[in-house]
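Since we're looking at a predicted model, the values are computed, not measured. Each ligand, and each atom within it, is numbered from 1 in the order the structure gives.
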Amino acid sequence: MNAPLRVAVLASGGGSNLQALIDYVVDEAAVAIVWVGSNRAVAGALARARSAGIEAMLIEDPSDGARMLTALRAARADLLVLAGYLKLVPPTVVHAFRGRVINVHPALLPAFGGDGMYGRHVHAAVLEHGAKLSGATVHFVDEHYDRGAIIAQWPVHVFENDSVDTLAARVLRVEHQLLPRVITAIAHGTVSLANDGRVIGNVPLPAFEELS
Ligand code: GRF
């Protein structure tokens with residue numbers, strides 16, 4: 001039995017993606033969440049980590065790459081997961097963890113990504129453009145952030161009567177399905193980032209015939 005993939009998570013908000021991951025890995029021996037960091041002392045993510053007995057750290061200076069790298073190395077993290085982390089990951093960390101930082105984005109990148117596209121702004125833009133599908137994307141993080149190589153996506157319908165809140169909730173539900181499956185696939189080695197920046201392999205996902 002190989003040692004589990006040691007996963008560190010950065011989150012700024014409530015941490016529902018973190019919680020979905022905590023709940024999922026209970027039955028997944030190949031993944032262990034070993035560290036959670038947040039730039040907000042009141043972030044629900046830190047409370048959820050503590051409740052699960054996971055080391056939880058307040059990131060007092062999100063731009064201090066050396067300090068973050070020291071914490072990640074002390075936790076012997078293999079993979080860094082951004083689950084609603086609203087600060088830029090310092091380049092020194094991105095470089096040290098090349099091909100080992102992933103992010104979940106609440107839209108089907110490359111659409112509705114990039115500067116200012118986070119949280120409610122994403123869903124408002126989807127509705128404003130009349131898109132018929134939205135969904136979640138998990139991608140590798142490089143220096144350009146939302147432009148990293150896409151690993152997997154999970155689509156949802158956009159309905160005529162959707163509000164930002166109803167669309168956000170539908171997308172969040174599939175984020176909770178997608179992110180743990182991507183991490184598990186990375187842990188099992190069925191998906192990885194090649195040196196030329198392409199994603200190799202795929203993430204086993206259920207058929208989408210019944211879109212939520
Ligand atoms: C999610 O919508 C995620 O896509 C975005 O930030 C939100 C995090 O939500 N990056 P939570 O803190 O995991 O509930």
Short N or O contacts of ligand 1 with protein, under 3.5 Å, listed by atom name?
from, atom 1, to, atom 2, distance (Å)
ligand 1, 2 (O), E175, OE1, 3.3
ligand 1, 2 (O), E175, OE2, 3.0
ligand 1, 4 (O), E175, OE1, 2.7
ligand 1, 4 (O), E175, OE2, 3.2
ligand 1, 10 (N), V104, O, 3.3
ligand 1, 12 (O), G14, N, 3.3
ligand 1, 12 (O), G15, N, 2.8
ligand 1, 13 (O), S16, N, 3.2
ligand 1, 13 (O), N17, N, 2.8
ligand 1, 13 (O), N17, ND2, 3.2
ligand 1, 14 (O), S16, N, 2.9
ligand 1, 14 (O), S16, OG, 2.5

When you compare the side chains of [X] and [Y], does any donor N or O come within less than 3.5 Å of an acceptor on the partner?
X    : Y    : result
H123 : S134 : no
R181 : Q177 : yes
D61  : S63  : yes

Going by side-chain heavy atoms closer than 4.5 Å, which hydrophobic residues are tied to V42, directly or by a chain of links? none
Whether over 12 other heavy atoms sit under 6.0 Å from Y118 OH: no
L5 and A187: which non-hydrogen atoms are nearest, and at how many Å? CB-CB, 3.8 Å
